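Chain letters run A, B, ... following the sequence lines, proteins first and then strands; every chain starts at 1. None of the values given here were measured: they were computed from a predicted structure.
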Amino acid sequence: MTFLTGWGRTAPTPATLVAPRTVAELAALVAGSPPRGLIARGLGRAYGDAAQNAGGLVADLTRLEPRWSLDPATGVVTASGGTSLHDLMTGLVPKGWFVPVTPGTRHVTVGGAVAADVHGKNHHLDSSFGAHLRSLTLLTADGTTRVLTPSDEAFWATVGGMGLTGVVVEASFGCVPIETSRVAVEVTRTRDLDHTLEVMAATDDGHRYTVAWVDLLTRGARMGRGVLTRGDHARRDEIPHAGDPLAFAPAARVAAPPWAPDGLLNQVTVRAFNQAWYAKARERRVIQDIAPFFHPLDFMEGWNRMYGSRGFVQYQFAVPFGAEGTLRRVVSRLSAEGVVSFVPVLKRFGPGTPGMLSFPLPGWTLALDIPAGLPGLARLLRVFDTWVAEAGGRLYLAKDARMRAELLPVMYPRLAEWARIRRRLDPEGVFRSDLARRLGL
Amino acid sequence: MKNALGSVDTVLLLGGRSEIGLATAELLVRAGARTVVLATRPTPVTASRPAGADGPAAGAADREGGGDAHHNGPVGRLARLGAEVHEIDFDAAHPETHAKVIDTAVRLAGDLDVVIAAFGVLGDQAAYEDDPVSAAESMAVNLGGHVSAGLSVARRLREQGHGTLVVLSSVAGVRVRRANFVYGAAKAGLDGFAQGLGDALHGSGARVMVVRPGFVRGRMTKGLPAAPMATTPAEVAVAIVQGLRDGSPVVWVPRGLRLVFTAMRVLPRTLWRRLPR
Ligand SMILES: Cc1cc2nc3c(=O)[nH]c(=O)nc-3n(C[C@H](O)[C@H](O)[C@H](O)COP(=O)(O)OP(=O)(O)OC[C@H]3O[C@@H](n4cnc5c(N)ncnc54)[C@H](O)[C@@H]3O)c2cc1C
């Protein structure tokens, strides 16, 4: 038995961790109808309990027939489900290609990216990972594999389906041609939340990648002031001539201390950080490498330990355009209560995919990391859940670790349709996770 | 499943009429629990001393009284808070049925996140001394019933890899007193059993939490003079929920009793014997 948690390090449960090397081996495990079921696990970057399975089997996919290939003519990559985006980038970038979508960390697998239908800073223009998929090879509950394309409903039950329709053993998706491995970045400060929303709405579409950091500890007139970062893959003529324009060599990772005192991230330290961060962000244009622009947190190995022994939860919700009032209410309540959240991130979403449980919808999304031990947190977030649901919004299942099951069908109106397809693919419920049990999925 | 902030989905209450158990279930439902299974003694043999309920006198009114009482009773209250409530039969005095009771609960609720073992009878020491058979019977409920039920629960929790069994022990078992030594001896045995079971489950993901309340004002103790540091079922429930959140192995209610009993344990026997009640 191995105790597993998600990235937030809350609610550990034991499971039998298996690491099949071949699809046949994995198929035999699945077909054996394990009594407590099986769930695929990639690099464990989901914050909550999506890749845990108390008392059951958890299949580590990172060693399953690892391989990937690129068709240089079309830019289509075909990769095994356990391939990490880090490995892909290491291979692709020097060849002049970039993954279509990357989350805030490179240390996720292709299977994990499909299962959560991950989004990146380019969602407003390029939608989420699922939108770029050409086909999936899914190992289903009967132990057979099938190739799915976007014309299959099982495909869209799998994209965003949190591993509950089967195991993605392979995926093909289109990549983006790049001239350099650098990003031309513009940094802008905003005065308050309304200003942040206004500038994003007005200028987002001019840049492939955009994101705003918002200061939640500032109250009053400056509440929700932010630092807006907008970037595009740099052209060859925008970068210095010396050196390889397509070099990809992320800095060696430093390790976070093995333990951090509880309460290290408190109002005082985070306020000081926010102040410094905001002050440092003068209007400027800079050329950055891929890693610091897309994955600033990857620089520190195990940074999730900084939140102390109780771990932390990420609260990420999306609300449709027109529901800015809900966003404002959440932000003002957070700032009024002085809730400590390290680096809250605001994004403007474009069109979603047909994934039935996909998270992104056209509108706004805010993501917050909050220490799980914060008094009154459960109640506060429950209030937010209701506001979000009322506004026609939803929470992100890849980040969730605490929402109430009742709200799920409200937030995901296509849940019943998903459940029907899932039952057809997996009538006995072989694919099961703690998330699935907690939310009655 | 327990979530990241400690709230749970399912609750099984063994001793479905226990005031402490119901108060705890209510708090857990308020914090998000969706399903409650009340395992209750079917039809009390005598109205005065039903085993399987925490209290002697009060007992079965909720289920006996037909629809209305049912609706206004604990089932109705939990349902109004949004929980799906099931009632199943459970007789602490019939250990051979306990494994099946747990299976039934699992069928209804799925994984058991919190199981509260809150059944027991207080009884009257003088009556026990007059009627040794009744004393043995109360022992069978207060200790024997917990052993069979607790082991059945533990087997399930171990399979699940998660879940907490909350065992309602008592300070009466920490050091047994002359005034209620039949009851106290059962609690002493129960307390030891629960600790051992907790050790047995160590590393399985499942846990046992031992709760040691002092004198609890409620149905069970109606008519008895309150002891110092008396509490209420509601206070015990709050302490239980807090303990679940913190993952405490032992909860004293009120907390100060822990110190008092550290002292009591070493009090010379000649003095201990003479303590009032
Ligand atoms: C620092 C950080 C930043 C992040 N930023 C973003 C972001 O910007 N945008 C975003 O969308 N997400 C973001 N995430 C979340 C992350 O992208 C997702 O949780 C992703 O699913 C993690 O992939 P993984 O390989 O680690 O999967 P795991 O965490 O191991 O598993 C997540 C889910 O995927 C399923 N799964 C994994 N592999 C397979 C497979 N082969 N077949 C079927 N199902 C599978 C699991 O069963 C589980 O349900 C971030 C996470 C971190 C830690």
Practice problem: With side-chain contact (heavy atoms from CB on, under 4.5 Å) as the test, would you mind laying out the steps for A/Thr13 and B/Met1 before giving the verdict? | Solution: CA-CA 10 Å; A/Thr13 54; B/Met1 291 298 305; 3.8 Å; yes

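In A/Glu428, the CD atom is not crowded: 12 or fewer heavy atoms of neighbouring residues, nucleotides or ligands sit closer than 6.0 Å. The environment of CZ in A/Arg305 is crowded: more than 12 heavy-atom neighbours from other residues, nucleotides or ligands sit within 6.0 Å. Within 6.0 Å of CZ on B/Arg255 lie no more than 12 heavy atoms contributed by other residues, nucleotides or ligands.
Of all the listed residues (B/Asp113, B/Thr10, B/Asp111), the one sharing the greatest number of non-hydrogen pairs under 4.5 Å with chain A is B/Asp111. The most heavy-atom pairs under 4.5 Å with chain A, out of B/Arg34, B/Arg245, B/His162, come from B/Arg34.
With a 4.5 angstrom heavy-atom cutoff, B/Ser204 touches chain A only via backbone atoms. Contacts between A/Arg379 and chain B at a heavy-atom distance below 4.5 Å are absent for every atom of the residue. A/Arg402 touches chain B through backbone and side chain together, each having a heavy atom under 4.5 Å away. In this structure, the portion of A/Arg310 lying under 4.5 Å from any heavy atom of chain B is its side chain and not its backbone.
What you find for B/Ala4 and A/Ala372 is that their closest heavy atoms are O-CB, 4.3 Å. Considering all non-hydrogen atoms of both residues, B/Asn3 and A/Ala11 come closest at O-CB, 4.1 Å.
Considering only heavy atoms from C-beta on, A/Arg36 comes within 4.5 Å of B/Gln160 through its side chain.
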